[in-house]
Amino acid sequence: MIRQISFAGYSPIGDLTAVSICVVMACLIFFSYTQKTHSFRVFISLIVLIAAAAITNVITYTAAVNGGHIKLANGLRCAFHTLLYMVFVHYVIYIISVTRVEWPEKGVYIAAALGMFALLTALEAYFVQRDGGLSIGPDGAITYRGRNFFLYGYLGFVALNILLLVRVRNRLFRRVMLGFYSSMAVSFLMLALQQLSRQNSYTVVTFLYPVIAMFYVMHSTPYDALIGAIDSSALGNLVRYAYERKKGFVFMSLYLHQFNEEGKDFPEALQAAIRRFTSDFFRGAVLFQADKGHEMLLIPVKRNPDYEDRIRSILHAFQHEYAKFQYDYKIVIGESVEEISRKNEYVSLVRHIHRFMPENTVHRVTAKDVERFNSYEVLVKELESIHNTADLNDPRVLVYFQPVLNIKTRKYDSAEALMRLRMPDGTLEYPDRFIPLAEENGFIHTMTEIILHKTCKEIKKLLDAGYHFARVSVNVSALELKDDRFCQDIIDIIAQCGVPDDMIAIELTESRSDDDFILMKNKISELREQGIKIYLDDFGTGYSNMERIMALPFDIIKFDRSLVQASGSSERSEKLVEGLAGMFSELQYSVLYEGVESESDEKLCSEMYASYLQGYRYSRPIPAEKLAEYFEK
């Protein structure tokens, strides 16, 4: 088959436009935050392939028309079509990556795309080799000998991509799907108009439209395509927009703690439920991902004047879904508050409320919640100031001590260091209020360093004054163990204060995950090599894994106050606690009972293998200067 190839309808402007758009997108990616996911890497490959195809097409035109290099033009024309076929292959890989299609279905689509790519590339090369491809006739006209498979290949790949999009339509948020379909429709329309007008300058540009849709929907605004949630940074922008224009909204927050970890994604059925809730119950609502396992829905009041009825409907539907999934949840619902909107702190407000909510409950935000949150914000700012100042003698951090009675000697020979925080107005804040905030905001290690430093200074004073005692314990957050310098920081502070290592004990609560367990074991071993004692704090509260506890080299097990209370109220509980304490004692662990408040508590604990007792029966937490009253010289 011989047909004349007309370059009169070609202009490099279309391909140069495609290259320039690719360069602009590359610049935007470079100067903005993007998550380096597999789909993002495929997206980058698409930009490179499209730019390469456009440049190849321009060189093909130049070689054939202006230079008469027909052999080179034939090779470049094959390379141009090969690059465009590869773009189609990457479309398939991108859709599979975004929608997380699993094997073996994933393999079927990739094999089909690669098979079509190999077949079309081979056929084009074969027919160019057999029939000659492009050639210049006696009259100077450029003709093409052979079959043109590109159009068939284009239609074949389009059909494959449409088939894949239809197959995964239930995995994608509706608006994301519409964005992809719209971009493909514009591409088809552009290509058809080009053919009707005998143009061929914008072929590569038509491949760009779906890529632009990917960039806008998936990467420039980080959409979770599976549930339709936008990144939390966009939440701040929408709140700011509503506040500036005085537009009221309602927010609904869903928190599932089981998924509040990296690598823990919502199951597919749960993703479908969230997509349905987002689109079916409210008009104009936008879903945001505040954190892993934490979604927030913003609902415009103007478009949903009956939002109370709609909230009741969605909660009813949620309970139906909960009966199927049985994941622990916390739901917070509230109306926009001028003060919170101005500070753009809805996520912080909800997280604050979560601290006081039991699992599997729904909470409506009240004025009291906002007031309490504001007081916590003041506390956070004070903690931030302490952290940034990093003064180990910071006067705002106070150390109190609670003496511990040694059952064998009936003397006080140790104590627990407890932290207090003096606020600017002179009031004292207690650990139950500020320790969780310090942990959440990354200030906890600084607080520990300060309290350890002040404790060591007090120990040094007592030792220099001739007092005799065994040790003083300091509480440490398990989060601190993830810091590579944790052990060295502890060791350095003790050494700087001139205190023997065995005069300090570190209190830790039990880890839950396997990774945290291994980390804790290594850190404990490193500290014990220095002579530092290790306590297991709060035994009997929440989660306890006896196998892990036995594998950790603790020196003292601190039984929580709740076990003391349970033992005093039930003979069965008493036998259980006594059995645990006896087991620890036989394994050479010392047992310390916390929360001993009465003579009966003391008698009970003494009969349950107690080595040490601590509680209000002996002393409330006292200022540092009074600790000497409990120790002997």
Side-chain angles (χ1 to χ4, degrees), residues 3-30 42-91 94 117 120-121 124-125 128 133-136 141-144 146 148-158 161 183-216:
R3 61 188 183 88
Q4 186 166 318
I5 302 294
S6 172
F7 286 95
Y10 176 83
S11 169
I13 189 65
D15 289 317
L16 294 176
T17 299
V19 172
S20 67
I21 292 173
C22 290
V23 171
V24 169
M25 284 195 289
C27 290
L28 290 173
I29 291 167
F30 181 81
V42 177
F43 174 76
I44 293 296
S45 299
L46 279 167
I47 293 176
V48 172
L49 286 169
I50 289 173
I55 293 169
T56 302
N57 203 27
V58 172
I59 299 174
T60 302
Y61 167 81
T62 304
V65 175
N66 296 336
H69 302 293
I70 295 301
K71 280 192 175 181
L72 176 60
N74 270 320
L76 289 171
R77 191 168 186 270
C78 288
F80 169 64
H81 289 164
T82 298
L83 288 168
L84 293 183
Y85 293 147
M86 186 55 71
V87 170
F88 273 123
V89 172
H90 278 68
Y91 283 162
Y94 185 89
F117 169 80
L120 291 166
T121 302
E124 181 143 358
V128 167
L134 294 174
S135 61
I136 300 178
I142 298 177
T143 58
Y144 180 82
N148 181 16
F149 281 91
F150 179 73
L151 181 60
Y152 302 108
Y154 183 97
L155 294 174
F157 270 117
V158 166
N161 277 271
S183 66
M184 293 179 69
V186 172
S187 296
F188 297 156
L189 179 61
M190 183 76 175
L191 200 64
L193 291 174
Q194 178 179 262
Q195 293 295 318
L196 290 173
S197 59
R198 298 181 180 277
Q199 260 283 347
N200 56 6
S201 303
Y202 297 97
T203 302
V204 177
V205 173
T206 63
F207 282 75
L208 260 179
Y209 294 144
V211 174
I212 292 172
M214 295 173 193
F215 180 74
Y216 181 78

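None of the values given here were measured: they were computed from a predicted structure.
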Would you compute the distance between atom OH of Y202 and atom CD of Q194 and round it to the nearest 0.5 angstrom? 8.5 Å
Between V128 and R77, is the side-chain contact (heavy atoms from CB on, under 4.5 Å) condition met? List the steps. CA-CA 10 Å; V128 167; R77 191 168 186 270; 5.8 Å; no
From T121 OG1 over to L83 CG, what is the distance, rounded to the nearest 0.5 angstrom? 9.5 Å
To the closest 0.5 Å, what do you measure between CD1 (I55) and CZ (F80)? 12.0 Å
Find out whether L84 and T203 are in side-chain contact, i.e. whether some heavy atom of one side chain is under 4.5 Å from a heavy atom of the other. yes
Side-chain (N57) to main-chain (A53) donor-acceptor, under 3.5 angstrom: no
Determine, step by step, whether V48 and H90 satisfy the side-chain contact (heavy atoms from CB on, under 4.5 Å) criterion, reporting the C-alpha distance in whole Å, the side-chain angles of both residues, the deciding distance to 0.1 Å, and the verdict. CA-CA 11 Å; V48 172; H90 278 68; over 6 Å; no
Y91 (side chain) donor-acceptor with F207 (main chain) under 3.5 angstrom: yes
Does any non-hydrogen side-chain atom of D15 lie less than 4.5 Å from one of Y61? no
I'd like to know if the side chain of S187 and the backbone of T206 have a donor-acceptor N/O pair within less than 3.5 Å. yes
Side chain to side chain, M25 and V211, heavy atoms closer than 4.5 Å: yes
Roughly how far, to the nearest 0.5 Å, is CE of M190 from CG of L193? 7.5 Å
State, to 0.1 Å, how close E124 and C78 come at their nearest heavy-atom pair, and which atoms those are. CG-SG, 3.9 Å
Here the gap from S183 atom OG to L208 atom CG, rounded to the nearest 0.5 Å, amounts to 11.0 Å
Using ring centroids (six-membered ring only for Trp), state whether F88 and Y154 fall under 6.0 Å. yes
Spacing of CG belonging to L16 relative to OG belonging to S11, to within rounding of 0.5 Å: 8.0 Å
Could you check if a side-chain atom of T56 sits within less than 4.5 angstrom of a side-chain atom of T60, using non-hydrogen atoms only? yes
Quick one: are I47 and I29 in side-chain contact, heavy atoms under 4.5 Å? yes
Provide the closest heavy-atom pair for L72 versus A63 in the form atom of the first, atom of the second, distance. CD2-CB, 4.1 Å
If you compare all heavy atoms of L120 against all heavy atoms of G153, which two are closest, and at what distance to 0.1 Å? CD1-CA, 3.3 Å
